[in-house]
Enquirer: 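Dropping the structure in here first, questions after.
Note that this is a predicted model, so its numbers are computed, not measured.
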Amino acid sequence: MKEDKKTGEQLKQSIEESYELAKTAYTQFGVNTDKAIRAALDIPVSVQCWQGDDVTGFEGSVGSGGGILATGNYPGRARNADELRADAQFAFSLIPGKKRFNLHTLYAETGGKKVSRDELEPEHFKTWMSWSKKKKIPLDFNPSFFAHPMANTGYTLSSDDKRIRDFWIRHCKASRKIASAIGANQGSPCVNNIWVPDGSKDTPADRLSPRQRLRDALDETIEIKYEAKTITDAVESKLFGIGSEAYVVGSHEFYMGYASARQIKLCLDSGHFHPTEALADKISAALLFIPGLLIHFSRGLRWDSDHVAIYSDELRDTCREIARAKCFNRIDIALDFFDASINRIAAWTIGTRSLRKGLLEALLEPTKMLTDAEKAGKNHERLAIMEELKTLPFSAVWDKLCFDAEVPSGINWLYKVDQYEKDVLNKRK
């Protein structure tokens, strides 16, 4: 495969000509493609920092732990915050639309000093905040309940050891304080997502007590109120994990109930459910009872393996459901995968571009035409339209979106990644 060597003017003409034909095709279904492109570019996508360094962070700890495992040894992993930021900026130059950057507490910059996770302060993220403001890339945040000696029992906020439990409560409080400071700095709420890996490898005799402790610990962590314009709290469920195959304290039912009772956002991760469950089906049900959702797009392969998100049926269905419900204002959209077996910048680019494709396709759907047919009892018409939409010239609209966003269209971004690998990544030891 060779790089497209067309001149800028030739490429522009080719994209514009194809787009005009596509625009006409979509017009037959009452779809304004110009409007859909603008809307798709305007939706913020929170890109996970941990893809760039294999969830290693800057604490000096060895291995991830706590159900987190990045596999592979592709060369070029970011070794410090400056490299991580540089890699992210390069990836962002290949990805269309608004971006955010999602941090964990283990990415604190402490100037070489050992700072306990329960003693972290906003000052340990001041360089991140400065970078965020300069690059106009808002930040999101997560407490880190893994890869730590106090997580070795497999239980953190739900531990029956008060010393362990209190440590993680202090850590979670510190994270919320940091997230609020980040939100104040950037002038928009920082999403602070709470996920704990607590659970049992084999069948427990007591499922209730850990959940009672988790509920009470969460209550204590969120009792401090911050301004809504600085922080959005979310809680994330999981079906099972490495070392918690039989029982996870923070199950979907637990967090659905907790988010509803405490009126905070619920995080739905596409890899955290049974393979036969449809994430798209959960959105409208959950939104009836909670203020909003955080959705993590990932890809589970046989298990919650956090493979790179792709333009899959599941991703497309989830994006369509968000668009059909007109709830972009109530849903924060993020990515959560980490693959150390491939070029990490390519992973970021593939996953985020795939998600943006899903959002664009969803916004190109003639939803009113479909619902009108449905209301009229013409389900054959609804099905026929859905089938015809599958063969519309979507790729031409996607190329136009990339061109408007001044990022490479088609596969041309891949050659830039190859060059960056030669010039930068391969020089890292």
Side-chain angles (χ1 to χ4, degrees), residues 50 55 61 63-71 104-106 117-118 142-172 175 192-222 233-262 264 266-277 279 282 294 296 298-307 336-338:
W50 48 94
V55 209
S61 52
S64 298
I68 302 291
L69 179 64
T71 56
H104 257 279
T105 49
L106 50 82
R117 285 192 199 173
D118 61 337
N142 307 260
S144 304
F145 293 91
F146 53 89
H148 193 280
M150 293 289 263
N152 286 345
T153 64
Y155 291 87
T156 60
L157 287 182
S158 68
S159 174
D160 61 0
D161 184 329
K162 190 175 187 302
R163 183 180 63 90
I164 293 175
R165 192 168 65 251
D166 286 349
F167 172 85
W168 290 112
I169 288 172
R170 292 193 302 272
H171 168 66
C172 203
S175 299
N192 183 65
N193 181 49
I194 302 171
W195 170 77
V196 298
D198 299 25
S200 174
K201 186 176 181 67
D202 217 329
T203 307
D206 180 7
R207 297 174 185 268
L208 178 61
S209 298
R211 286 175 172 153
Q212 290 173 326
R213 289 191 293 268
L214 178 56
R215 177 200 60 195
D216 295 345
L218 288 168
D219 283 347
E220 188 172 343
T221 64
I222 66 172
D233 287 302
V235 287
E236 179 178 359
S237 67
K238 196 166 186 175
L239 178 64
F240 75 94
I242 302 173
S244 59
E245 290 85 356
Y247 166 67
V248 169
V249 183
S251 64
H252 174 65
E253 292 75 15
F254 174 90
Y255 278 123
M256 184 70 225
Y258 189 84
S260 179
R262 305 300 185 263
I264 61 176
L266 174 68
C267 176
L268 302 177
D269 186 301
S270 57
H272 286 192
F273 297 93
H274 192 278
T276 60
E277 289 187 85
L279 186 65
K282 300 180 186 300
L294 166 63
H296 278 182
S298 183
R299 178 167 53 110
L301 215 59
R302 301 185 184 275
W303 60 287
D304 176 33
S305 48
D306 290 295
H307 280 62
D336 186 2
F337 54 78
F338 36 94

Enquirer: Evaluate the side-chain contact (heavy atoms from CB on, under 4.5 Å) criterion for residues Glu236 and Leu294: first the C-alpha distance (whole Å), next the side-chain angles of each, then the deciding distance (0.1 Å), finally the verdict.
Expert: CA-CA 9 Å; Glu236 179 178 359; Leu294 166 63; 6.0 Å; no

Enquirer: Find out whether His296 and Asn193 are in side-chain contact, i.e. whether some heavy atom of one side chain is under 4.5 Å from a heavy atom of the other.
Expert: yes

Enquirer: Quick one: sort the His252 and Phe273 rings into parallel, tilted or perpendicular, breaks at 30° and 60°.
Expert: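 Judged by the thresholds at 30° and 60°, the geometry between His252 and Phe273 is perpendicular.
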
Enquirer: Quick one: are Phe146 and Leu106 in side-chain contact, heavy atoms under 4.5 Å?
Expert: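 Answer yes - side chains close enough.
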
Enquirer: Can you see which heavy atom on Gly241 is nearest to which on Val248, and at what distance?
Expert: N-CG2, 4.3 Å

Enquirer: For the residue pair Tyr258 and Ile264, establish whether any side-chain heavy-atom pair is separated by less than 4.5 Å.
Expert: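 Result yes, sub-4.5 Å side-chain heavy-atom pair found.
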
Enquirer: Closest heavy-atom contact between Arg213 and Ser158?
Expert: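 The answer is NE-O, 2.8 Å.
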
Enquirer: Do the ring planes of His104 and Trp50 sit parallel (below 30°), tilted (30 to 60°) or perpendicular (above 60°)?
Expert: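 It falls in the perpendicular class, over 60°.
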
Enquirer: For Arg211 and Glu253, what are the C-alpha separation, side-chain angles and deciding distance, and is it a side-chain contact (heavy atoms from CB on, under 4.5 Å)?
Expert: CA-CA 11 Å; Arg211 286 175 172 153; Glu253 292 75 15; over 6 Å; no

Enquirer: Can you find a pair of side-chain heavy atoms, one from Tyr155 and one from Ser200, that are under 4.5 Å apart?
Expert: yes

Enquirer: Indicate whether the side chain of Ser298 and that of Asp336 have a donor and an acceptor atom separated by less than 3.5 Å.
Expert: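 There is no such pair between these side chains.
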
Enquirer: Nearest 0.5 Å please: distance from the CE atom of Met256 over to the CG atom of Leu266.
Expert: 6.0 Å

Enquirer: For Leu208 and Asp206, work out which heavy atoms get closest and say how close.
Expert: N-OD1, 3.1 Å

Enquirer: Just by modelled atom types, is the Pro275 backbone N or O under 3.5 Å from a matching donor or acceptor in the Glu277 side chain?
Expert: no

Enquirer: If every non-hydrogen atom of Ser175 is compared with every non-hydrogen atom of Pro143, which pair is closest and at what distance?
Expert: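 Here Ser175 and Pro143 meet closest at OG-CB, 3.3 Å.
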
Enquirer: CZ of Arg117 to OG1 of Thr105: how many Å apart, nearest 0.5 Å?
Expert: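 One finds 5.5 Å between CZ of Arg117 and OG1 of Thr105.
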
Enquirer: Any side-chain heavy-atom pair from Cys172 and Ile194 closer than 4.5 angstrom?
Expert: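 The answer is yes; the side chains approach within 4.5 Å.
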
Enquirer: Is there side-chain contact between Trp168 and Val196, with at least one heavy-atom pair below 4.5 Å?
Expert: no

Enquirer: Could you check Tyr255 against His272 for ring pair (Phe, Tyr, Trp, His ring centres under 6.0 Å), going step by step and ending with a plain yes or no?
Expert: CA-CA 13 Å; Tyr255 278 123; His272 286 192; over 10 Å; no

Enquirer: Are Ile164 and Thr153 side-chain neighbours, meaning at least one heavy-atom pair lies under 4.5 Å?
Expert: yes

Enquirer: Considering residues at least two apart in sequence or located in another chain, which fulfil the ring-ring contact (aromatic ring centres under 6.0 Å, His included) criterion with Phe254?
Expert: none

Enquirer: So which heavy atom on His307 is nearest to which on Phe337, and how close?
Expert: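 Smallest interatomic distance, heavy atoms only, reads O-CB, 3.2 Å.
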
Enquirer: Say you draw a straight line from CG of Asp304 to OG of Ser270; how long is it, rounded to the nearest 0.5 Å?
Expert: 8.5 Å

Enquirer: Determine the minimum heavy-atom distance between Leu239 and His274, stating which atoms define it.
Expert: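 Scanning both residues completely, I find the closest heavy atoms to be CD2-N, 3.4 Å.
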
Enquirer: Rounded to the nearest 0.5 Å, what separation is found between the CG atom of Leu214 and the CG atom of Asp219?
Expert: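 The distance works out to 9.5 Å.
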
Enquirer: Got Ile242 and Pro197 here, is their nearest side-chain heavy-atom distance under 4.5 Å?
Expert: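 No, their side chains stay 4.5 Å or more apart.
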
Enquirer: Would you compute the distance between atom CG of Asp118 and atom CE of Met150 and round it to the nearest 0.5 angstrom?
Expert: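 One finds 7.5 Å between CG of Asp118 and CE of Met150.
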
Enquirer: Measure the spacing between CG of Asp269 and CG of Asp306 and express it to the nearest 0.5 Å.
Expert: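 The CG atom of Asp269 sits 6.5 Å away from the CG atom of Asp306.
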
